[in-house]
2 protein chains.
Amino acid sequence: MSAARYGVGVSTFNSVPPGAGISDVARLAGVSQGTVSNVLNHPERVATATRDRVRQAISALAYVPNGAARSLAAGGSRSIGLILSDLENSLFVDIARGAERAAAEAGMSLLLANSDGRLESEDRYLDLFAESRVLSTLLTLNDDQHFRQIVGRVADSRSLVLLNFQVDPAEYCSVDGHNERGGYLATRHLIDIGRRRLVFVGGPDSLRPVSERHRGFSAALAESGLTAAADVTPDWINRSDGWRVGTGLVEAIAAGRIDGIVAASDLLAAGMLQAFATLGRVRVPHDVAIVGYDNNQAAWDSPVPISTIGQPGEEMGYRGARLAMEELVEGDAHQHRAVVLEPTLIVRESTVS
Amino acid sequence: MSAARYGVGVSTFNSVPPGAGISDVARLAGVSQGTVSNVLNHPERVATATRDRVRQAISALAYVPNGAARSLAAGGSRSIGLILSDLENSLFVDIARGAERAAAEAGMSLLLANSDGRLESEDRYLDLFAESRVLSTLLTLNDDQHFRQIVGRVADSRSLVLLNFQVDPAEYCSVDGHNERGGYLATRHLIDIGRRRLVFVGGPDSLRPVSERHRGFSAALAESGLTAAADVTPDWINRSDGWRVGTGLVEAIAAGRIDGIVAASDLLAAGMLQAFATLGRVRVPHDVAIVGYDNNQAAWDSPVPISTIGQPGEEMGYRGARLAMEELVEGDAHQHRAVVLEPTLIVRESTVS
DNA sequence: TCGACGAAATGGATCGTTTCACTCAGGAGC
DNA sequence: GCTCCTGAGTGAAACGATCCATTTCGTCGA
């Protein structure tokens, strides 16, 4: 978090005509400012009659409390920030929904931002949130490098909770899906339906969740005395990477050297499926069974609905926000925690017809 | 916008330990507060040497300006708010991206909120944004009723721009896709490829965009001297509605009474496609050609990629934010405008094989 | 009748900035 | 040598709430 952004150009916007302030309300209701403030924030301290009078004045003047003044005087906002790394991915939308629910329950509000996975945006929003004095920031992450860079700059003690990324509880709180178990479940499922020549189609090892899923894959194989039929590492985990990889695998599948694929993401799986469908030499699940990961829209929208590992996105968001709040309440006594959520296997037609 | 939300329960969070303030920086750099403020906001007013000294002090203390105090003193924030009605729909994600770009270009920031299409959430966030004194709010809308309810409560003069919804420029600025033209384009395309027995699968008429698309459909038919083969009005425009409708249409299609469908949304189209695939009596596009609307992920992820009408979502967000800013700059001289963007036909395999 | 008490309301200090009227050097022009 | 500028920096008054120590007042018990 850089200490400041210098030289913000100041263009000239006409500011909003100031509406009624708390003092106007107080005058109209014939009470002091303090009383109006109490009606707003501690209604129980104010006698019913007074309260009603004040409320009437409030509506009459269409008074809207000034959040800035409130935060300043109260020494902090009542909101938490959430920086999402990919709004296209429905997992993150679920996370947002869960976090918002937790915030609403606690009477707080949630500020959203979309970093599109770009380090500089993550940075910018971290700054912005710091300036807004949000009580806490939730940050979704999937890249080890980003993690290192970011935490290097988070100098202040404001609380930070990482989502979709597990870190040493000595450093931060985090909420993550159990990626290793997910990889295991996917692989186990393929083995259970009789597949033996399995491949893990992953992505760069810098993507932490991917490498963890890979570990689960290997564990399941080892457990059954199998070894991987091949190892495939696309550049990234998007649909187009799946397409490329899929094209490259057709030969091996047609030749019977591969009969099951664990993909590190649904997009990857969907891309492969498209490649297979286009090239036409491989039928799913007959010739090869595929399991994806994340339970994205892409998974059930696919030509052949894709079996996948469901991540509890909403719960991830909810737990993350709760964790942030606990951290606030407990203060120095707080011990960071790494919450790990269980993934679930969702069987669709890409593995059993 | 209700004047206030009463009785917000106040739970007790430990507030963030206050960091260095502007006066600490000033002291360390040996200048006045005013000068520090100038370094931050009007660097050109400060001599280079002084400027550097101040900046050093800023990093040394890890000073982060307090946004609340800033907004309070400056009489307004430098952000605009955007309330999205459906994060699952990629159109809205595009809108967010466009709005953010416009904001960033102007040195402003964008506050996001997801209303999930619920009136009460739209309301709550409108309130929240009003308290945050955002300069302007962008609101995506698709329902006539919501529109009426909302504007009834927006009492203050703060600027509001409506997205994905066209209104009388006497009332508000708005940016919308040209839905009638979109409906026309879709229908024209079907006619051009030789289909004659066409159906519009819509949704409740309260959904403004839907009824407009329907108008375009009718216009295209009339132009070619055709009449609609049937009229279908599902309860809503989601995948499940498509499924239901699709099931109901199979008979007519198989009998050759329908050979082309214009769907009011891609989800609707995708649902129908799924129904057809499952029931197995109808082939797309051989027996029936389908055009969707929105160019969602669902459209290209579908078993048969769906021809669709693309909405310029990113541009919609960008133009909306620009409009909001113009409104701010022009002040009273401002004339509301209704920007209407051209949709484009995207041909995929659901209409031509 | 008086004092004590508690609930209700008061009013001013406070939060951390921005803004603006001002002071102050020092250089240019006459 | 005098005035007049100009660019750089100062310092205190807002901004609009919250907070809290204090005052007011009605009631109750003795």
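Proteins get letters first, then strands, A, B, ... in listed order; numbering begins at 1 in each. All values below were derived from every heavy atom in this structure, side-chain atoms included, with hydrogens, water molecules and symmetry-related copies excluded. None of the values given here were measured: they were computed from a predicted structure.
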How would nucleotides 5-12 of chain C be written as a contact map, 5' to 3', with B for base contact, S for sugar-phosphate-only contact and - for no contact, using protein heavy atoms under 4.0 Å?
---SSBB-

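- Put simply, the side chain of Arg78(A) does not reach to within 4.5 Å of the side chain of Arg70(A), judged on heavy atoms.
- Contact annotation: the side chain of His336(A) never approaches that of Leu323(A) to less than 4.5 Å [non-hydrogen atoms, C-beta and beyond].
- One atom, CG of Leu61(B), and another, P of dT17(C), lie 12 Å apart when rounded to the nearest Å.
- Pairs passing the salt bridge (Lys or Arg N to Asp or Glu O under 4.0 Å) check and including a residue from residues 24-51 of chain A, sequence neighbours excluded, read Asp24(A)-Arg27(A).
- Put simply, CZ on Arg70(A) is 17 Å from C1' on dT14(C), counting in whole angstrom units.
- Of all nucleotides listed (dC19(D), dT17(C), dT19(C)), dC19(D) comes nearest to the side chain of His42(A).
- Between the P atom of dA14(D) and the CG atom of Asn66(A) lies a distance of 18 Å, rounded to the nearest Å.
- Between the OH atom of Tyr63(B) and the C1' atom of dG16(C) there is a distance of 7 Å, rounded to whole Å.
- One side chain, Thr140(A) or Ser85(A), offers a donor N or O that lies under 3.5 Å from an acceptor on the other.
- Two residues are said to be in side-chain contact when any heavy atoms from C-beta on lie closer than 4.5 Å; Ser159(A) and Glu326(A) fail this criterion.
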Each nucleotide of nucleotides 22-28 of chain D classed B (base within 4.0 Å of a protein heavy atom), S (only sugar-phosphate) or -, in 5' to 3' order, makes -------

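- Between Arg133(A) atom CZ and dG16(C) atom P there is a gap of 8 Å when expressed in whole angstrom units.
- In this structure the side chain of Phe92(A) never reaches within 4.5 angstrom of the side chain of Leu87(B), judged on heavy atoms.
- For the pair Asn41(A) CG and dG16(D) C1', the computed distance is 13 Å after rounding to whole Å.
- Classified by interplanar angle (parallel below 30°, tilted 30° to 60°, perpendicular above 60°), the ring pair Tyr172(B)/Phe147(B) is perpendicular.
- In this structure, Asp127(B) does not pair ionically with Arg124(B), as no charged nitrogen and carboxylate oxygen lie closer than 4.0 Å.
- Contact of the Leu40(B) side chain with the Ile58(B) side chain is registered, since non-hydrogen atoms from C-beta on lie closer than 4.5 Å.
- Atom CZ in Arg78(B) sits about 12 Å away from atom P in dT18(C), given to the nearest Å.
- Taking for each of Thr48(B) and Leu72(B) the nucleotide of DNA chain D with the nearest heavy atom, the 5'-most of the two is the partner of Thr48(B).
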